[in-house]
Amino acid sequence: MDLTVIVPTFNEGPNVAELLRRLGSSLEGREFEVVFVDDSTDDTPDIIRVVAAGVDFPVRLIHRDEPVAGLGGAVLEGFRAADSRWCLVMDGDLQHPPEDIPRMLDRAAVGDVDIVVASRYVAGGTAGGLANATRTAVSRASTVLTKSMFPRKLHGCTDPMTGFFLVDRDAIDLDSLRPRGFKILLEILARRQLRIGEVPFAFATRYAGESKATFTQGIRFLTQLTMLRFGRMSAFALVGGVGAIANLVIMWGLIRLGMGYIPAAIIASEVTIIGNFLLLEYLVFRDMRADSGSMWMRFIKSFAFNNVEAVVRISVLPLLVQAHIPSVLAAAITLAAAFVVRFVYHALWVYAPKRVSANAATPAVRESRSRTLES
Ligand code: GDD
Ligand code: MN
């Protein structure tokens with residue numbers, strides 16, 4: 001079986017030589033290539049070029065000057081560029097030991113699965129390399145949550161959050177993947193029912209450098225989960241819900257400070273309009289930003305709409321209050337009514353594609369893709 005090893009890297013210079021050395025000795029005697037998909041802002045690409053020149057297997061470097069969709073987007077780009085049908089995805093920091101790859105290949109060679117997941121949570125595996133108790137707990141909890149949301153598709157996968165897996169590229173529909181952030185495996189498994197095999201592995205500690213996981217990545221993961229399970233409108237609703245609560249809390253606080261309910265509602269709305277826009281940009285419509293023009297245009301459209309909407313909403317408020325509905329409850333009713341209109345407007349107009357995306361592929365990538373199609 002031939003193999004493409006896909007390694008997403010972000011500032012992993014000090015790990016490159018050791019990674020290639022251990023890959024070389026673990027896969028000795030096999031046909032394989034290594035593809036680095038690199039978004040680094042430091043000298044990692046130079047290091048990769050130098051080290052690659054000294055090894056006896058093919059190493060390719062795809063450096064993205066304008067990275068799309070972070071780690072997940074990098075892996076997708078790797079799939080598109082891969083020369084082999086079987087693709088192994090692994091981190092570049094040696095938390096995924098190259099010595100485990102032969103066992104994964106053996107499992108795939110049995111021929112009854114589309115994907116082999118290296119799992120920390122199957123008998124014989126360990127998650128010892130997670131940085132601390134908090135991360136272990138977060139990993140465990142999000143695994144349970146994720147599995148409960150996709151009970152059928154993730155049946156047979158104990159570790160949908162791992163970044164270490166071997167997949168038959170022909171079994172996945174690359175165009176259906178909407179990677180955002182770290183959890184590309186989840187994206188793959190949730191889109192289409194795959195036949196899953198697992199092998200245990202011990203998640204190691206980082207060889208060098210620092211983890212790029214952040215709190216933002218965690219939030220992005222929750223958005224991804226919501227979108228995969230319930231679609232964009234629920235993610236939009238979630239953001240709207242958070243905004244509405246913030247709106248009401250601010251309004252309530254200002255009234256408590258002695259402000260009239262109308263100015264309180266105005267200030268609360270302006271603050272949440274801006275906050276909401278940022279959440280839409282960075283969470284709900286993140287994947288549509290690149291194709292929908294400038295952020296300023298979107299902000300102006302969104303801001304204008306929300307203000308018109310707020311004016312309408314706030315002028316309806318006195319009517320409801322006169323009908324003896326408490327002011328905060330009345331505000332809640334009008335916010336709920338505005339929700340659907342706002343979603344339709346944003347999905348169809350603010351984030352409407354301005355041009356057809358070329359999948360952000362580099363010429364080299366497109367070339368190897370058409371080669372795959374011909375063969
Ligand atoms: N190209 C690219 N672009 N690579 C990235 C980016 C990015 O924006 N962000 C991170 N990476 C690379 C890192 O350089 C590393 O090789 C790999 O992705 C994983 O990133 P780490 O910073 O080491 O993350 P981690 O160790 O916290 O997370 C890993 O463990 C999780 C399981 O707990 C990842 O493997 C996750 O995929 C995995 O789910
Ligand atoms: Mn890591």
Side-chain angles (χ1 to χ4, degrees), residues 5-16 18-20 22-23 34-45 47-48 60-81 88-98 100 117-121 125-144 146 154 157-167 179-189 201-218 220-221 224-225 286 360 362 365:
V5 177
I6 298 169
V7 188
T9 47
F10 185 84
N11 299 353
E12 300 288 2
N15 291 312
V16 172
E18 180 68 2
L19 177 69
L20 288 181
R22 284 172 59 183
L23 272 172
V34 178
V35 175
F36 285 95
V37 188
D38 180 74
D39 295 338
S40 297
T41 50
D42 65 3
D43 60 350
T44 303
I47 297 177
I48 293 175
R60 282 194 281 154
L61 167 65
I62 298 172
H63 179 77
R64 308 195 298 171
D65 285 324
E66 288 174 39
V68 192
L71 168 51
V75 172
L76 182 58
E77 192 115 5
F79 285 139
R80 295 198 191 282
L88 182 116
V89 179
M90 71 188 304
D91 290 353
D93 59 359
L94 291 156
Q95 290 199 277
H96 299 153
D100 290 317
V117 172
S119 169
R120 296 164 286 178
Y121 301 129
T126 63
L130 280 178
N132 52 44
T134 312
R135 270 215 67 177
T136 311
V138 168
S139 173
R140 277 288 188 179
S142 41
T143 301
V144 170
T146 308
L154 297 184
C157 182
T158 56
D159 197 358
M161 330 292 275
T162 184
F164 194 16
F165 55 93
L166 172 67
V167 66
R180 59 202 109 226
F182 269 36
K183 301 303 169 191
I184 183 68
L185 175 63
L186 172 63
E187 189 74 27
I188 293 171
L189 294 178
F201 92 103
F203 191 65
T205 48
R206 233 176 197 281
Y207 181 72
E210 278 168 18
S211 171
K212 281 79 191 176
T214 53
F215 179 73
T216 317
Q217 285 297 340
R220 212 165 276 164
F221 158 70
Q224 177 192 24
L225 207 54
R286 187 181 185 85
T362 60
V365 176

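Just so you know, these numbers come straight off a predicted model, no measurement behind them. When a ligand or atom number is given, it counts from 1 through the structure's own listing order. Counting from 1, the numbers follow the sequence of the chain as shown.
Checked by atom type, the side-chain pair N11/T41 shows a donor-acceptor distance below 3.5 Å. In this model, no donor atom of one side chain and acceptor atom of the other lie less than 3.5 Å apart for T9 and T44.
For the atom pair K183 NZ and Q217 CD, the distance stands at 8.5 Å (nearest 0.5 Å). The line from CE of M90 to CG of L19 is 5.5 Å long, rounded to the nearest 0.5 Å. How far OG1 of T146 is from CZ of F221: 3.5 Å, rounded to the nearest 0.5 Å.
If you look at ligand 1, the protein residues with a non-hydrogen atom under 4.0 Å away are P8, T9, F10, E12, V37, D39, G70, L71, A74, D91, G92, D93, Q95, H96, R120, L130, R135, M161, T162, G163, F182, K183, F203, R206, S211, K212, A213.
At a threshold of 2.8 Å, the Mn ion (ligand 2) has no backbone or side-chain N, O or S atom of S211 nearer than that distance. Among the atoms of D91, no N, O or S atom falls under 2.8 Å of the Mn ion (ligand 2).
Not counting sequence neighbours, the partners of N132 by the side chain to side chain contact (heavy atoms under 4.5 Å, CB included) test are T134, R135.
The atom name of the N/O/S atom in D93 closest to the Mn ion (ligand 2) is OD2.
The aromatic rings of H96 and F201 sit perpendicular, their planes meeting at an angle over 60°, well past the 30° parallel limit.
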